[in-house]
Amino acid sequence: MKNWSAYTLTDLPQIAKEIVKISSQIPRIWLFRGQMGTGKTTLIKEICKQMGVEHSVQSPTFSLVNEYQTKNATRIFHFDLYRLKNTQEALAIGIEDYLDSGNICLIEWPEQAEELWDIPHTTFSLSLNNEYTRNLEMNW
């Protein structure tokens with residue numbers, strides 16, 4: 001478990017570097033939990049940047065999944081499950097194939113498919129401190 005308390009946007013590059021540094025030691029399924037506006041997508045953008053993704057990282061709200069490639073050709077899958085009604089909809093988009101791919105899967109709104117997370121995963125729980133600072137707890 002790792003915690004970052006009262007961090008600001010200027011702290012994000014360092015936090016993302018710390019996460020990337022230990023990424024090979026933790027499960028590759030990363031669940032991002034937190035209310036709307038807590039910074040899930042912002043954190044994911046910085047993690048991807050630190051991993052060497054050169055293209056724009058956007059929340060896949062309508063496509064449900066985006067694929068990014070790092071400088072060294074590693075693939076990263078980014079999901080936004082907010083619009084799903086249940087686990088069956090996640091299965092219909094083939095989420096199991098992505099989860100079994102061995103690539104890092106960054107998943108926003110995992111609550112929409114809670115039954116899938118009985119596999120090894122890392123959870124990032126984000127919460128608001130105030131309008132300028134956030135808290136982040138990382139568990140695996």
Any [X] side-chain heavy atom under 4.5 Å of [Y] side chain:
{"X": "Phe32", "Y": "Pro110", "answer": "no"}
{"X": "Phe124", "Y": "Ile44", "answer": "no"}
{"X": "Leu106", "Y": "Cys48", "answer": "yes"}
{"X": "Thr133", "Y": "Tyr7", "answer": "no"}

If I take atom [atom1] from residue [X] and atom [atom2] from residue [Y], how far apart are they, to the nearest 0.5 angstrom?
{"X": "Leu84", "Y": "Ile93", "atom1": "CG", "atom2": "CD1", "result": "6.0 Å"}
{"X": "Leu128", "Y": "Thr38", "atom1": "CG", "atom2": "OG1", "result": "6.0 Å"}
{"X": "Arg83", "Y": "Gln112", "atom1": "CZ", "atom2": "CD", "result": "11.5 Å"}
{"X": "Glu67", "Y": "His55", "atom1": "CD", "atom2": "NE2", "result": "11.0 Å"}
{"X": "Ser23", "Y": "Ile47", "atom1": "OG", "atom2": "CD1", "result": "9.5 Å"}
{"X": "Leu99", "Y": "Ile29", "atom1": "CG", "atom2": "CD1", "result": "4.5 Å"}

Closest contact, heavy atoms only, [X] versus [Y]:
{"X": "Leu136", "Y": "Leu43", "value": "CD2-CD2, 3.9 Å"}
{"X": "Leu116", "Y": "Ala90", "value": "CD1-CB, 4.0 Å"}
{"X": "Met51", "Y": "Ile76", "value": "SD-CD1, 3.5 Å"}
{"X": "His121", "Y": "Leu31", "value": "CD2-CD1, 3.3 Å"}
{"X": "Asn139", "Y": "Glu137", "value": "ND2-OE2, 2.8 Å"}
{"X": "Leu91", "Y": "Glu96", "value": "CD2-CD, 3.4 Å"}

Can you tell me if [X] uses its side chain to pair, donor with acceptor, with the backbone of [Y] under 3.5 Å?
{"X": "Asp100", "Y": "Asp97", "answer": "no"}
{"X": "Trp30", "Y": "Ile104", "answer": "no"}
{"X": "Arg33", "Y": "Ser125", "answer": "no"}
{"X": "Asn135", "Y": "Ala6", "answer": "yes"}
{"X": "Asp80", "Y": "Trp109", "answer": "no"}
{"X": "Asp11", "Y": "Gln14", "answer": "no"}
{"X": "Arg28", "Y": "Ser24", "answer": "no"}

Inset, instruction - Count the heavy atoms belonging to other residues, nucleotides or ligands that lie under 6.0 Å from CG of Leu9, then report whether that count exceeds 12. - result: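 No, the 6.0 Å shell around CG holds no more than 12 heavy atoms from other groups.
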Inset, instruction - Evaluate whether atom CD of Gln25 has more than 12 neighbouring non-hydrogen atoms of other residues, nucleotides or ligands under 6.0 angstrom away. - result: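 Atom CD in Gln25 is packed in, count exceeds 12.
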Joint cluster assignment, [X] & [Y], ILVMFWY side-chain distance < 4.5 Å:
{"X": "Trp140", "Y": "Trp4", "result": "yes"}
{"X": "Leu126", "Y": "Val20", "result": "yes"}
{"X": "Leu81", "Y": "Ile119", "result": "yes"}

Inset, instruction - Tell me, with the steps shown, if Thr122 and Met138 meet side chain to side chain contact (heavy atoms under 4.5 Å, CB included). - result: CA-CA 7 Å; Thr122 302; Met138 178 181 165; 4.0 Å; yes
Inset, instruction - Identify whether the distance between the nearest side-chain nitrogen and carboxylate oxygen of Lys40 and Glu46 falls below 4.0 Å. - result: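 Glu46 and Lys40: not salt-bridged.
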Legend entry - Residues Lys2 and Glu18 bridged, charged N to O under 4.0 Å: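 Yes, charged N to carboxylate O under 4.0 Å.
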Inset, instruction - For His78 and Tyr68, test the side chains for any donor-to-acceptor distance below 3.5 angstrom and give the result as yes or no. - result: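 Judged by distance alone, the side chains do pair up.
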Legend entry - Audit row: Glu54, Lys49, side chain to side chain contact (heavy atoms under 4.5 Å, CB included) steps and yes/no: CA-CA 7 Å; Glu54 296 177 319; Lys49 180 180 176 184; over 6 Å; no
Inset, instruction - On the 0 to 90° scale, with breaks at 30° and 60°, tag the Tyr98-Phe77 ring pair as parallel, tilted or perpendicular. - result: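 Geometry flag for Phe77 against Tyr98: perpendicular rings.
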Inset, instruction - Please step through side-chain hydrogen bond (donor to acceptor under 3.5 Å, both in side chains) for the pair Thr41 and Glu108, ending with a clear verdict. - result: CA-CA 8 Å; Thr41 303; Glu108 297 185 58; 2.8 Å; yes
